[in-house]
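Scroll down for the structure; my scribbles are underneath it.
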Amino acid sequence: MQDLATGGAAGVGGIDPRLDLAEEIDRLRHERDAIILAHYYQEGEIQDLADVVGDSLALAQAAAKHKKKVIAFAGVHFMAETAKILNPESTVVVPDLAAGCSLADRCPPDEFRAFLDRHPGHVVISYVNCSAAVKAMSDIICTSGNAEKIVRSVPADQPIVFAPDQWLARFIIKKTGRPMVYWPGSCIVHEVFNAQQIARLKVQHPGALVIAHPECEEPVLALADYIGSTKGLLEFSQRSSATTFIVATEAGILHQMRKADPAKTYIPAPTNEGCACNLCPHMKLNTLEKLYLCLRDLTNQIVMDEQLRLRALKPLQRMLELS
Ligand code: 13P
Ligand code: SF4
C-alpha cells in the first residue's frame, strides 16, 4: 500500500495526486494549531479554505488578534513578515518565499535611509507594502484602508515623508490637501490599467461604475466612481445599487465580489496592450500544493532579527492603535 502523505505516487512537489488537498490542509490546520490567512489576490481555491480572507489591514489585525502556534500566510512576503513582527512566538510560514512585491522591492533600505537623510525632521509614514527594514525607519505604518486617517492624525505643522507608493501618496495629498514628500514607487499590477480603454468600456456599459484601488495611476483614478482598498472595493460593490462594476485592481478580488453578490456583473478593467498583467505574479506564486507543503513540513518560515523586529513593531503598533 502506498503512503499518500509522503507521495507513494509522485505528483506536484512529490504530493500524491490522490490526496484531497483541501481536506489535508484542514486536518493540518487543526493538528498544528494553525490559522490560514489569505489576501483577496489569492486564487479562489485558497481564499475558500482560509480562516480569514482580507485586505492587508484586516490581515494585520487578524494576525495581531489570533494567537496561534502557526500562521500560514497566503499572500506576499511583506504581509507574512508583518504577521511575524506582531507574533514573534508564532511560526509564520508562507507557501512560496519568493512571493515578493514590486513596491517593497523598489524601495531598498539603504536608498530609503539616504532619502530620509535628505528630508530631516519629517514624520515618516510608510505603506505596509515595504520591507521590515523600511518599517523600522518609519514612525507610522499605514495601509490603503487607513492611509487617509493616518495622515490626518499627524499634526498640521509637521512635514511628512510618505513611502513607497507614489500614487497612493498623490491620492492622499489631493484628498487631505496635505503636502507630503513621497518616494517614487509604484505597483507593477496597478500601473498597467489603461485609462482610455476604461473610458471606452464605460461608454459601452452605461450605468457601470468604475471602482479603483488607490495604487492606480492618476488618469485611472480620475475616472473612478469609488476609490478604496480591496476591502473597500468589495464592500462598495455590495452596498451600491449599481449592477455593473469595472474593477481596477488585481483580479483576485472578483472571486469575493461574485460570491457576495452573484447577480451583479464585475468587469476587470482593461490593461495596456490587453496583457494579463492585472494578476499579481507574486501573489500567484502561491498554490494549494505549496500551502499544503508549508503546513505539513513547516518549511518557508519567516525568520527575523529580534532587534529589527522590535524597531519595525513600533510603527505597526501605532497604526493598529490609530485604526
Ligand atoms: P490592500 O491594502 O487593499 O490589501 O492592498 C494590498 C496590495 O498589495 C495592493 O496591491
Ligand atoms: Fe505588491 Fe502590487 Fe502585488 Fe500588491 S499587487 S502585492 S502592491 S506587486
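A quick note: this is a predicted structure, and the numbers were derived from the prediction, not measured. Ligands are counted one by one from 1 in listed order, and the atoms in each one are counted from 1 as well.
Here the heavy atom of the protein found nearest to atom 1 (Fe) of ligand 2 is Cys101 SG, 2.4 Å. For atom 2 (Fe) of ligand 2, the nearest protein heavy atom (residue, atom name, distance) is Cys187 SG, 2.3 Å. If you check which protein heavy atom lies closest to atom 3 (Fe) of ligand 2, you get Cys280 SG, 2.4 Å.
Of all atoms in ligand 1, listed by their number and element, those nearer than 4.0 Å to a heavy atom of Ser229 are 3 (O). Every atom of ligand 1 with a heavy atom of Glu215 under 4.0 Å away is listed here by number and element: 7 (C), 9 (C), 10 (O). Close approach of ligand 1 to Tyr41 is summarised as follows: ligand atoms under 4.0 Å from at least one heavy atom of the residue are 7 (C), 9 (C), 10 (O). Of all atoms in ligand 1, numbered sequentially from 1 with element shown, those under 4.0 Å from a heavy atom of Asp55 are 1 (P), 3 (O), 4 (O). Atoms of ligand 1 lying under 4.0 Å from any heavy atom of His213, numbered from 1 in the order shown and given with element: 1 (P), 3 (O), 5 (O), 9 (C). Every atom of ligand 2 with a heavy atom of Asn129 under 4.0 Å away is listed here by number and element: 7 (S). In summary, the atoms of ligand 1 found under 4.0 Å from a heavy atom of Thr230, numbered by their order in the structure, are 1 (P), 3 (O), 4 (O). Heavy-atom proximity to Leu103, at under 4.0 Å, picks out these atoms of ligand 2: 7 (S).
Looking at Tyr40 against ligand 1, nothing comes within 4.0 Å, counting heavy atoms. At a 4.0 Å heavy-atom cut-off, ligand 1 does not touch Glu250 at all. With a heavy-atom cut-off of 4.0 Å, Glu250 does not touch ligand 2 at all.
A salt bridge is defined here as a Lys NZ or Arg NE, NH1 or NH2 lying under 4.0 Å from an Asp or Glu carboxylate O, and Asp305 with Arg309 fails to meet this definition. Classification of Asp225 and Lys202 as a salt-bridged pair holds, one side-chain N sitting under 4.0 Å from a carboxylate O. Between Lys68 and Glu89, no side-chain nitrogen of the basic residue sits less than 4.0 Å from a carboxylate oxygen of the acidic one, so the salt-bridge criterion is not met. Using a 4.0 Å cut-off between charged side-chain N and carboxylate O, Arg29 and Asp51 make a salt bridge.
When the shell of 6.0 Å around NZ of Lys149 is examined, it contains 12 or fewer heavy atoms from other residues, nucleotides or ligands.
Considering backbone and side-chain atoms alike, Ser144 places an N or O below 3.5 Å from some N or O of ligand 1. Taking distance alone, with nitrogen or oxygen atoms compared against 3.5 Å, Asn129 approaches ligand 1 more closely than that limit.
Here the options are Ser153, Ser323, Ser229, Ser56, the test is side-chain hydrogen bond (donor to acceptor under 3.5 Å, both in side chains), and the partner is Asn146; only Ser323 passes.
Distances shorter than 4.0 angstrom occur between a heavy atom of His190 and an atom of ligand 1. Residue contacts with ligand 1 include His39, since one or more of its heavy atoms lies under 4.0 Å from the ligand.
Relative ring orientation between Phe115 and Phe112 is described as parallel, the plane-to-plane angle staying below 30° on a 0-90° scale split at 30° and 60°. Aromatic ring orientation, His190 versus His213: tilted (interplanar angle from 30° to 60°).
A cation-pi arrangement is found for Arg239 relative to Tyr226, the charged atom lying closer than 6.0 Å to the ring centre and inside a 45° cone about the ring normal.
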